[in-house]
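Keep in mind that what you see is a predicted model, and the values were worked out from it rather than measured.
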Amino acid sequence: MTAVAIEDVWKYYGDYPALQKITFNVDRGTCLALLGRNGAGKTTLLRILAGLSRSSKGRITIFDQDARAESTRRQISVLGHGIGVYEELSAMENLLLFARLYSLKDPHKVAMEWLERTGLARVRDGKVREFSRGMRQRLAVARAFLHHPSLLLLDEPFTALDDRAIKVLQDLMKSALAEGGTIIMSTHQLREALELATDVALINRGRLAYRGQRTREMLEDPGWLYRHYGEA
Amino acid sequence: MRTKLIVLLSALAGGLLIWNLHTIFLRVPDEASQGAVFRVFYFHFPSAVTSFTLFFVAMFSALVYLRTRDLRFDAAAAAINEVAFAFATITLITGMIWGRIIWGIWWAWDPRITSYFICLLMYFGYFMMRRAVDEPHRRARLSAVLSILASVDIVIVWKSIEWFRTQHPGPVLEIRGGGGMAPGMEAPLFWNCVALLLLETSLVLVRMRQQSIQGEIESLRRYVHAF
Amino acid sequence: MSFLRQAWAVAAKDLRSEIRSKESINASVAFALVILLLFSFAFDPTSDQVREIAGGLLWLVFAFAGTLILNRSFARELVNDCLDALLASPVSGAQLFLGKVIANFLILLAVELACLPVFTIFYNVHWTQSIWLLFVVMLLGNWGLTVIGTLFSAMTVNLRLRELMLPMLVYPMMIPALMGAIQLSSVLVSGEPLAADNQIWFRVLVAFDVIFTLLSLALVETVLVG
């Protein structure tokens, strides 16, 4: 079962092609690590998948629907560089807001449940402004998982996180995969990413350089892929 | 091909303009009540009409961009707006010159001149905004939206200024073209509209070519910096 | 129904953050008071002439103070990339926009209501006979300013020189709404009844509000996503 189908996607910034002729599928229940150097086009592709940006050419279908369709967005979760929570609001209010935006049935119950799962129940009424970095990140994770997404789009998810948040996120990703969810994450931290990943795609200067399953040799030697398919 | 077209259009425009100037200054007699200065109207009115037309043409070009996402339509819209802006400025200045002679003041808050001024301010914002966005598609998108809003707003401004000023009796005279003019005096007006339109079209084409060269330079720069 | 509910969730979020931080309300009220004070040096505040231009004064103050609020409206979404989180959620650009307009409308209205008594005292105007009509004019004018202003706030949010761009783009656009509001307020503040030829300004205000609300709702998705 295909979760995400990317067909001949191009993205131009003016005349400059940031993505060229990207075509690949991601199956349901898999975790794809999107690899590539800075500026290769990983974030651009993720933003297009998330419906935050439009491709110049090509087609993207997510669960057989358009990427920007409302029903698609309901099933997607995006966790980017920014944490996407409001400083002036409390942890609870932030989650309540997003629960309402996703029109979840019992916002209070869902919000409380996620505060507990991310270990923030004790500070539920504290303002995000007063939170430590790690607490903010866990709240961001809670915000992203709140609506039980079936497709997770994570842009460099582990880069800014502390150990506890990494643990929380990894556990959540594992359980999402176990429940049949799909994950696409961009990363250059190979080891953490490759542990979870079942599939790998390498983007090089806006082109798809490699697409396949994650193999044992990649795990043993994270530089393997770059040496074989990346530029020198 | 493009160059030939530009040369042809400018030659036509130039020839027609010279012929019109000849008619306007040497053939058409002084107007009965206004004297010689009424001749400024032969440039005021055509530049007003054509610049307004161009603003709306630019809006349609912007709409086509939003449909097709083809940057050429954005380039066209920008070029047309630039030329329209220049001719709207000419309208404003010729209007002021006429007002200085007839009413004795440079700026009489005539409703149409005021509308033109507001229009110029809006499109000044348009050009400022274009400079502030680097990414060409984003620039095109935002300019298209601004162009649509401005075109709609201009119509409302136009009507409401007229109402606003008619309630404040001031030194406002009616100077509608057409009806009041003697038959022999009307033809050059029409011919000057044609001449200015030709001139404007060739200017738009020149600007578009400059823009495409500029875009090429920009993307070359991007390539250089990207790798 | 859920269209409005989600829009309201956005509005409530904005209002709550604003009430907590009071960033734009404080700045905007203070700014409005400063302008009201400065006007008193520009002409004799006790003369009868003031009544004729009172409506104009009032709306210039509102328009100036308003841009401070509008500048913040989308800028506050940039912190932590909240705008991306909102756009990736199922709320449409139109809902997000409507929510923001409602929040800005209420914040600006609060600022205006705070300024009105001060204005009355400073310039000795009597508007009490026609308080309800004046209120209607304020609502209509306010909506026009916030709809246009919020759309431009969305357009300029990622631009260089955002703070400079917004007023430059927004004031010429607002002119018809401002003209209508100024005309009507001037008549009402001077204590005269509305004459028949003033009715047209109600129509201008309503038309401006309706046209630009619809246009903005249609265009905002293009502005925000692309």
Side-chain angles (χ1 to χ4, degrees), chain B residues 59 62-63 65-69 71 74 85 88 109 111 114-169, chain C residues 52 56 93 144 147-148 151-152 154-184 186-187 195-201 203-212 214-216 218-226:
Chain B
M59 182 198 74
L63 277 176
Y65 166 78
L66 286 183
R67 268 251 160 277
T68 61
R69 304 277 161 168
L71 280 177
D74 172 61
F85 189 85
W109 292 110
T114 313
S115 303
Y116 253 94
F117 185 53
I118 295 169
C119 181
L120 284 180
L121 287 176
M122 277 184 205
Y123 281 93
F124 187 71
Y126 172 94
F127 298 123
M128 282 288 284
M129 200 193 65
R130 287 188 72 86
R131 294 183 74 107
V133 192
D134 289 325
E135 206 276 288
H137 281 283
R138 224 161 73 89
R139 177 165 60 212
R141 238 167 57 221
L142 294 183
S143 327
V145 170
L146 191 52
S147 197
I148 294 167
L149 290 174
S151 310
V152 174
D153 212 18
I154 284 290
V155 178
I156 306 177
V157 166
W158 195 264
K159 283 318 285 176
S160 44
I161 294 243
E162 221 161 277
W163 291 324
F164 194 86
R165 289 301 165 204
T166 46
Q167 287 183 13
H168 288 243
Chain C
E52 281 167 36
V147 161
I148 281 285
L151 186 66
F152 280 95
M155 284 173 74
T156 54
V157 64
N158 280 312
L159 300 192
R160 280 180 271 141
L161 312 175
R162 173 188 351 119
E163 286 83 359
L164 304 183
M165 294 296 297
L166 183 71
M168 220 183 57
L169 294 172
V170 123
Y171 290 133
M173 286 280 169
M174 281 177 176
I175 284 174
L178 280 177
M179 264 193 308
I182 288 173
Q183 284 278 307
L184 290 170
S186 288
V187 176
D197 58 350
N198 288 315
Q199 305 286 345
I200 199 163
W201 294 109
R203 268 181 260 155
V204 169
L205 270 181
V206 172
F208 186 91
D209 287 3
V210 171
I211 290 172
F212 280 101
L214 295 178
L215 211 52
S216 306
L219 289 172
V220 73
E221 186 89 11
T222 315
V223 169
L224 290 171
V225 184

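- For a residue to count as touching a neighbouring chain, one of its non-hydrogen atoms must lie under 4.5 Å from one of that chain's; by this rule B:Arg131 touches chain C with the backbone only.
- Interatomic distance, B:Leu121 CG to C:Tyr171 OH, rounded to the nearest 0.5 Å: 13.5 Å.
- Looking only at heavy-atom pairs under 4.5 Å with chain C, the residue among B:Val152, B:Val145, B:Ile154 that has the most is B:Val145.
- No part of B:Phe117 comes within reach of chain C, as not one of its non-hydrogen atoms sits under 4.5 angstrom from that chain.
- For a residue to count as touching a neighbouring chain, one of its non-hydrogen atoms must lie under 4.5 Å from one of that chain's; by this rule C:Val223 touches chain B with backbone and side chain alike.
- By the 4.5 Å heavy-atom criterion applied to side chains, B:Arg138 and C:Asn158 are counted as neighbours.
- Heavy atoms from other residues, nucleotides or ligands lying under 6.0 Å from CZ of B:Phe124 number 12 at most.
- Using a 4.5 Å cut-off between heavy atoms, C:Leu151 touches chain B through its side chain atoms alone.
- The CZ atom of B:Arg141 sits 8.5 Å away from the CG atom of C:Leu224 when rounded to the nearest 0.5 Å.
- Both the backbone and the side chain of C:Met173 come within contact range of chain B, with heavy atoms under 4.5 Å apart.
- If you measure heavy-atom distances from C:Leu169 to chain B, the contacts under 4.5 Å come from the side chain alone.
- The CD1 atom of B:Ile156 sits 4.0 Å away from the CD1 atom of C:Ile211 when rounded to the nearest 0.5 Å.
- For B:Ala150, the parts sitting under 4.5 Å from any heavy atom of chain C are the backbone and the side chain alike.
- For chain B, the nearby part of C:Phe152 is the side chain; its heavy atoms alone come within less than 4.5 Å.
- Put simply, CG on C:Leu219 and CG on B:Leu66 are 7.5 Å apart, with the number rounded to the nearest 0.5 Å.
- Highest contact tally toward chain B, considering only C:Arg162, C:Met179, C:Met165, is held by C:Met179 [criterion: heavy-atom pairs under 4.5 Å].
- With C:Ile175 as reference, B:Ile118 is the one residue of B:Asp153, B:Ile118, B:Thr114 to meet the side chain to side chain contact (heavy atoms under 4.5 Å, CB included) rule.
- Scanning all heavy atoms of the two residues, the minimum distance from C:Arg160 to B:Asp134 falls at NH2-OD1, 2.9 Å.
- The two atoms that bring B:Leu142 and C:Met155 nearest to each other are O-CE, 3.4 Å, heavy atoms only.
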